[in-house]
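Just the heavy atoms: all of them, side chains too, but no hydrogens, waters or symmetry mates, feed the values below. Each chain gets a letter, A, B and so on, in the order the sequences are listed, and its residues count up from 1.
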There are 2 protein chains.
Amino acid sequence: MATTDRQLVEQWRSIQDAYFRTSCAIDRALEAKFDIGLNEFEILDLVAESSETACRMKALGERTPMTQSAVSKVVDRLEKAGLLARHSCADDRRSLFLELTAAGRKLHEQAAVEHRALLKENLS
Amino acid sequence: MATTDRQLVEQWRSIQDAYFRTSCAIDRALEAKFDIGLNEFEILDLVAESSETACRMKALGERTPMTQSAVSKVVDRLEKAGLLARHSCADDRRSLFLELTAAGRKLHEQAAVEHRALLKENLS
DNA sequence: TCAAGGTATATGACGCGTCATTCAATGACA
DNA sequence: TGTCATTGAATGACGCGTCATATACCTTGA
């Protein structure tokens with residue numbers, strides 16, 4: 001294996017390591033303190049960001065690496081947890097708008113603090 | 001949200017994006033051409049690396065972010081595929097040594113080329 | 001206005017990783 | 001030597017993400 005190959009592999013492993021450590025740390029912290037996982041938080045975060053313009057499911061799919069079907073299931077869980085609501089849309093009845101509930105906004109606010117803190121701690 | 005927080009989040013998202021794109025690209029390519037996933041390849045790669053000193057399961061667990069039980073299952077699949085063999089160890093009969101089969105060595109050699117190429121392509 | 005194709009979301013089967021547990025083997029120490 | 005704790009690995013239940021579909025709705029064009 002050429003030297004550059006070895007370096008590539010080392011670089012990749014360190015990226016993997018950083019990624020895993022960071023995402024696990026965040027995931028566990030959110031799970032423990034707020035009973036939601038990292039993917040759930042990220043959806044909350046995206047919805048919170050686009051709170052001015054109502055947020056369609058479709059738009060979410062374009063902003064995460066998650067599959068459309070994964071997004072649908074994450075939203076399911078958030079809705080069951082009472083953090084998020086789906087509203088059907090008169091213009092196009094296939095579409096759904098998403099909106100944080102009061103509980104969702106509150107939880108997001110608190111969880112975001114934790115999230116940012118852990119990012120700062122883990123991203124060199 | 002403070003400016004630094006926003007930057008943190010952007011940085012994190014770009015890491016996530018790079019990580020997902022790279023690992024998906026590798027995973028799909030390996031799956032398509034060699035019928036093994038990324039985790040399977042990484043175990044093969046680790047075993048191949050330590051081919052001088054026989055490689056214990058335990059040692060693998062320490063070198064990947066995977067759980068011990070995940071490693072055990074990946075090794076199951078590789079063994080079923082005839083790419084890897086478990087050998088019991090006389091010194092400590094709880095331990096297992098792992099060794100690539102001829103087929104495993106050959107596949108690893110070919111897959112590694114693909115793997116390195118995709119890393120080079122995806123790591124800026 | 002009607003068929004044909006495209007789009008937005010939901011759903012079910014499936015694979016994989018994790019956790020908790022189990023089991024056998026080893027070590028430590030009286 | 002006999003207990004008790006520890007260690008290496010395997011296993012089963014479970015949750016989640018993905019793929020392939022299904023379903024409802026929309027759009028286009030003749």
Side-chain angles (χ1 to χ4, degrees), chain A residues 16 19-21 23-32 35-44 46-47 54-81 84-99, chain B residues 16 19-21 23-32 35-44 46-47 54-81 84-99:
Chain A
Q16 282 186 305
Y19 178 77
F20 272 102
R21 289 199 315 133
S23 62
C24 285
I26 298 176
D27 193 63
R28 278 152 201 275
L30 294 179
E31 200 78 59
D35 202 39
I36 61 173
L38 180 52
N39 279 349
E40 277 83 356
F41 174 78
E42 290 186 341
I43 293 298
L44 284 184
L46 287 173
V47 175
C55 178
R56 289 181 308 143
M57 291 284 294
K58 183 75 194 317
L60 282 185
E62 287 158 3
R63 302 217 211 157
T64 80
M66 276 183 269
T67 298
Q68 172 265 321
S69 105
V71 172
S72 179
K73 292 178 186 193
V74 170
V75 169
D76 275 354
R77 273 173 257 142
L78 290 171
E79 194 172 27
K80 266 174 200 132
L84 187 57
R86 287 171 163 106
H87 298 297
S88 61
C89 161
D91 291 9
D92 182 341
R93 273 149 46 199
R94 293 168 303 180
S95 277
L96 294 175
F97 288 124
L98 299 179
E99 208 179 17
Chain B
Q16 282 186 305
Y19 177 76
F20 271 103
R21 289 200 314 135
S23 62
C24 285
I26 298 176
D27 193 63
R28 278 150 201 277
L30 293 179
E31 198 79 59
D35 202 37
I36 61 172
L38 180 51
N39 279 349
E40 276 84 358
F41 174 77
E42 291 187 339
I43 294 297
L44 284 185
L46 287 173
V47 175
C55 179
R56 289 181 308 144
M57 290 285 293
K58 183 74 193 317
L60 282 186
E62 287 158 4
R63 302 217 210 157
T64 79
M66 275 183 270
T67 298
Q68 172 265 321
S69 105
V71 172
S72 178
K73 293 179 184 189
V74 170
V75 170
D76 274 355
R77 273 173 256 142
L78 290 171
E79 194 171 28
K80 268 176 197 128
L84 188 57
R86 288 172 163 106
H87 297 297
S88 61
C89 160
D91 291 9
D92 182 340
R93 274 150 43 199
R94 293 167 303 181
S95 277
L96 294 176
F97 288 123
L98 300 179
E99 208 180 18

Helix axis bend for the helix from C:dT1-D:dA30 to C:dA30-D:dT1 - C1'-based end axes, five pairs, 10° rounding: 10°

To the nearest Å, give me how far apart CG (A:Asn39) and P (D:dT18) are. 8 Å

Between the protein and nucleotides 10-13 of chain C, which nitrogen or oxygen pairs come in under 3.5 angstrom?
{"unit_1": "C:dA10", "atom_1": "OP1", "unit_2": "A:Arg86", "atom_2": "NE", "d": "2.8"}
{"unit_1": "C:dA10", "atom_1": "OP1", "unit_2": "A:Arg86", "atom_2": "NH2", "d": "3.3"}
{"unit_1": "C:dA10", "atom_1": "OP2", "unit_2": "A:Ser72", "atom_2": "OG", "d": "2.8"}
{"unit_1": "C:dA10", "atom_1": "OP2", "unit_2": "A:Arg86", "atom_2": "NH2", "d": "3.1"}
{"unit_1": "C:dA10", "atom_1": "N7", "unit_2": "A:Gln68", "atom_2": "NE2", "d": "2.9"}
{"unit_1": "C:dA10", "atom_1": "N6", "unit_2": "A:Gln68", "atom_2": "OE1", "d": "3.1"}
{"unit_1": "C:dG12", "atom_1": "O6", "unit_2": "A:Lys73", "atom_2": "NZ", "d": "3.1"}
{"unit_1": "C:dA13", "atom_1": "N6", "unit_2": "A:Lys73", "atom_2": "NZ", "d": "3.3"}

Please find the pair of heavy atoms, one from B:Leu30 and one from B:Gly37, that lie closest to each other, and give the distance. CD1-O, 4.3 Å

Hey, what do you get for CD (B:Glu62) to CZ (B:Arg56), rounding to the nearest 0.5 Å? 7.5 Å

Interatomic distance, CG@B:Leu44 vs CD1@B:Ile36, rounded to 0.5 Å, equals 5.0 Å

Between protein and nucleic acid, restricted to nucleotides 26-29 of chain C and to nitrogen or oxygen atoms under 3.5 Å apart, what atom pairs and distances do you find?
{"unit_1": "C:dT26", "atom_1": "OP1", "unit_2": "B:Arg93", "atom_2": "N", "d": "3.1"}

Which label fits B:Tyr19 and A:Tyr19: parallel for a plane angle under 30°, tilted from 30 to 60°, or perpendicular past 60°? parallel

Provide, to the nearest angstrom, the distance between the CD1 atom belonging to A:Ile36 and the C1' atom belonging to D:dG15. 16 Å

Work out which heavy atom in A:Leu98 is nearest to a heavy atom in A:Met57; give both atom names and the distance. CD1-SD, 3.7 Å

In this structure, how many angstroms lie between the P atom of D:dG15 and the CD atom of A:Glu40, rounded? 13 Å

Nearest whole angstrom, please: distance from the C1' of D:dG17 to the CD1 of A:Ile43. 13 Å

Could you tell me the separation between the CD atom of A:Glu62 and the P atom of C:dA8, rounded to a whole number of Å? 8 Å

Would you mind reading off the distance between B:Leu78 atom CG and D:dA9 atom C1', rounded to a whole angstrom? 16 Å

Out of curiosity, A:Arg77 CZ to A:Asn39 CG, how far, rounded to the nearest 0.5 Å? 7.5 Å

Min side-chain heavy-atom separation B:Asp35-B:Glu31 under 4.5 Å: yes

Return the set of residues passing side chain to side chain contact (heavy atoms under 4.5 Å, CB included) with B:Glu79 (not counting sequence neighbours), or none when no residue passes. B:Arg86

Listed pairs under 3.5 Å, donor-acceptor, residues 64-75 of chain B side chains, sequence neighbours left out:
{"unit_1": "B:Thr64", "atom_1": "OG1", "unit_2": "B:Met66", "atom_2": "N", "d": "2.9"}

Protein-nucleotide distance (A:Arg56, atom CZ; D:dC26, atom C1'), rounded to Å: 13 Å

A:Gln16 side, atom CD; B:Leu38 side, atom CG - distance, nearest 0.5 Å: 6.5 Å

C:dG17 phosphate, OP1 or OP2, under 4.0 Å from B:Arg77 side-chain N/O: yes

List in chain and number order the residues that pass salt bridge (Lys or Arg N to Asp or Glu O under 4.0 Å) with A:Arg28, two or more places apart in sequence or in another chain; answer none if no residue qualifies. none

D:dG8 P sits how many Å from B:Leu60 CG, rounded? 13 Å

